[in-house]
Amino acid sequence: MSKSRRIKEMKGKDTLQVGSQDFSQEFAEDVVANVKADFNERQKMRRPYELSWQLNMNFVMGNQYCGISPRGAIEQEDKYYFWQEKQVFNHIAPIVETRVARLNRVRPKPLARPFSGSESDINAAKLSTKILNSTRDKIHLDEAITRATEWSEVCGTSFYKVSWDERNSDVVLSVCSPFEIYPDSNVTATVEECSSIIHAKVYSSTDVKDTWGVDLVGETVKVFAIDGAQSVGGLGYNSVVPSIVQEAKSDQVLVIERYTKPSQKFPRGKLEIVAGNRLLYYGELPYAIGSDMSYAYPFIRQTSSEQAGCFWGASVVERVIPIQRAYNAVKNRKHEFLNRLAMGVLTVEDGSVDTDNLEEEGLSPGKILVYRQGSVKPQLMDSGEVPSEFTYEEEQLLKEFISVSGVSEFARDSSTPTTVTSGVALQLIAEQDDMRLASSIESIKLSIKRIAKCILRLYKQFVSASKLMRYCDGQNSAEVFYFTGSDIGSDDVVFETENELSDTPATRRTMLFDLLNAGILSDNEGKLSQSVKTKILGLMGFGNWESAQDITQLHLARAERENTDIDCAEVLPVDDHEVHIEEHTRYIISADIDSLDKAYRAKILTHIEKHKEFLKEKQ
């Protein structure tokens, strides 16, 4: 929040200035009371979802002997007997890790699509693409997507918040967990359909002072934290697993931001920020990041799987929890059976032996067991064998893990099923795994596309003077360029690839080799031009692999500059004339050239003829 928007106390005790507006003390108190009351209502309304998220997080971390009590809290389950096996055989964690690992490969490269085929629109789209590529690293987009994907896979939903940092004059991207977002209704399908959204986050009093310029006394606030106090184990041993608990954190301030979407009464929407009993901000929505540069929420929602008629997405974890409970029960009961078979259950006649000694030492090897003369000799009870139903049920539950989670043993363990030996069958299994991830993949791609659009719209809104940025093409080439908001002509964003899971570097190279062998990329004489070779190496992931290709890139860049300033262009003997002729010809037949002066077109044609003359001399 900028300094101009920080709240300041006026000399009059009954007046407050928020930004450039004056409000009465009574009005500010009413706003604070209204926002806090609304927040409390939304907390109660969202409570069932919050408990489900806590339960999911506990099961992923291994605390799987807990549940939601009728009192509305996560409670632990205790042992009924000291000998009871209470081990955790966690299959949920590898399922989530596998899904996140596969989803982390979904990193489509956003490209700005030109509004038309004119050269000016094409150049504006290229500039927007360079801005997106440069900003991608500055805002750490890949790391943000990874964190958001982890939240969405465990809890079902995560959020991105796109904002503008006026101190650095740049875009800021942050990830919000579902615990921070409170919609006005849990049955709205999208963020845009919500009439208002609350973002509640805990800050230290120092951060509040730095951001809003207000001194507030920190309070003790309950926050979620990881604790390792929950014990599991079996007969004679215990172990500790982490769990999600609430702990008190001191010197903290809860900041509540309530965003209201534009309406007839508030054409640009409304934003109210409250901390403690203070009104920090009251005014319009700050960012014009909606379609047609309209004012909109700065939040982007990402889900693991959509639920019809629900704001919150579904997580695979909540579907697998019943199977995990059953699997733990089967394995533990099976181990209890094995304990009885291994250790034995000794039957003795009352008073025939020293039972205290037997309880302490058991039947150790070489032990001399003395029993009363005339009594029945102690003997081991026949415990039978482990029922085959345990093994059958265990195998069925493992199959249910695969069918419900959509993560096969091929994807999770990198092991092929014993009954599958065909390469085609293995490819079908891999495709089926990708199909089960289709909903999550589409949500990630849609989030990236919306983030890219918000980035361009924020730069268009706030960059009035020339801004310097650095662009790297990933092929050992860097470029520094300037731009202003008016230079961004299009925020229509598309992706370079449609399916990153199937469109891997290996498949792309195989396809290119097939095209080369078919002769589709060659000219009429069966040769490849230098520019085509450069593009092929780039598509194969080699970039500027050879120095010859580096020179070709330089020739292409030089020809592009000459197209925009032909008066300063000079034909040099060292020019790659074929590359220059091809680039100038492409420019001369583009749709936008018809709008240029005929004299300028003639100069370009004359320039092309000079290249052809040099080419004839070399031949």
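These numbers come from a predicted model, not from an experiment.
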Seminar exercise, completed: Given the options E272, K161, K201, E180, E257 meets side-chain contact (heavy atoms from CB on, under 4.5 Å) only with K161
Problem set entry | Donor-acceptor side-chain pairing of S486 and T484 below 3.5 angstrom | yes
Exercise. Do F299 and H199 have ring centres separated by under 6.0 Å?
Worked result: yes
Exercise. Is there a donor-acceptor pair closer than 3.5 Å between any side-chain N or O of S152 and the backbone N or O of S158?
Worked result: no
Exercise. Judged by modelled atom types alone, do D251 and S205 share a side-chain donor-acceptor pair under 3.5 Å?
Worked result: yes
For this session: Answer yes if the side chains of S440 and R102 hold a donor-acceptor pair under 3.5 Å, and no otherwise.
Result: no
For this session: Output yes when D492 and K453 qualify as a salt bridge under the 4.0 Å nitrogen-oxygen rule, no when they do not.
Result: no
Exercise. Is the gap between the ring centers of H611 and H584 under 6.0 Å?
Worked result: yes
Exercise. When the aromatic ring centroids of W164 and Y287 are compared, is their separation below 6.0 Å?
Worked result: no
Exercise. Going through the distances and angles, do D170 and Y459 end up as a side-chain hydrogen bond (donor to acceptor under 3.5 Å, both in side chains)?
Worked result: CA-CA 8 Å; D170 219 329; Y459 280 128; 2.4 Å; yes
Exercise. Can you find a side-chain donor-acceptor pair between E153 and S304 that sits under 3.5 Å?
Worked result: yes
Seminar exercise, completed: Heavy atoms of I289 and P298 approach each other most closely as CD1-CA, 3.6 Å
For this session: Could you tell me whether the side chains of N34 and R258 share a donor-acceptor contact shorter than 3.5 Å?
Result: yes
Problem set entry | Lys NZ or Arg CZ of K36 over F39 ring: under 6.0 Å, within 45° | no
Problem set entry | No-hydrogen, no-angle side-chain donor-acceptor test under 3.5 Å, E306 and T303 | yes
Exercise. Just checking, is any N or O donor in the side chain of Y182 or D38 under 3.5 Å from an acceptor N or O on the other one?
Worked result: no
Problem set entry | Pair R107-T146, side-chain donor/acceptor within less than 3.5 Å | yes
Exercise. Less than 4.0 Å between a side-chain N and a carboxylate O, is that true for E582 and R586?
Worked result: no
Exercise. Taking the six-membered ring for Trp, are Y49 and W312 parallel (under 30°), tilted (30 to 60°) or perpendicular (over 60°)?
Worked result: tilted
For this session: Would you verify whether the NZ or CZ of R450 falls within 45 degrees of the ring axis of Y160 while also being under 6.0 Å from that six-membered ring's centre?
Result: no
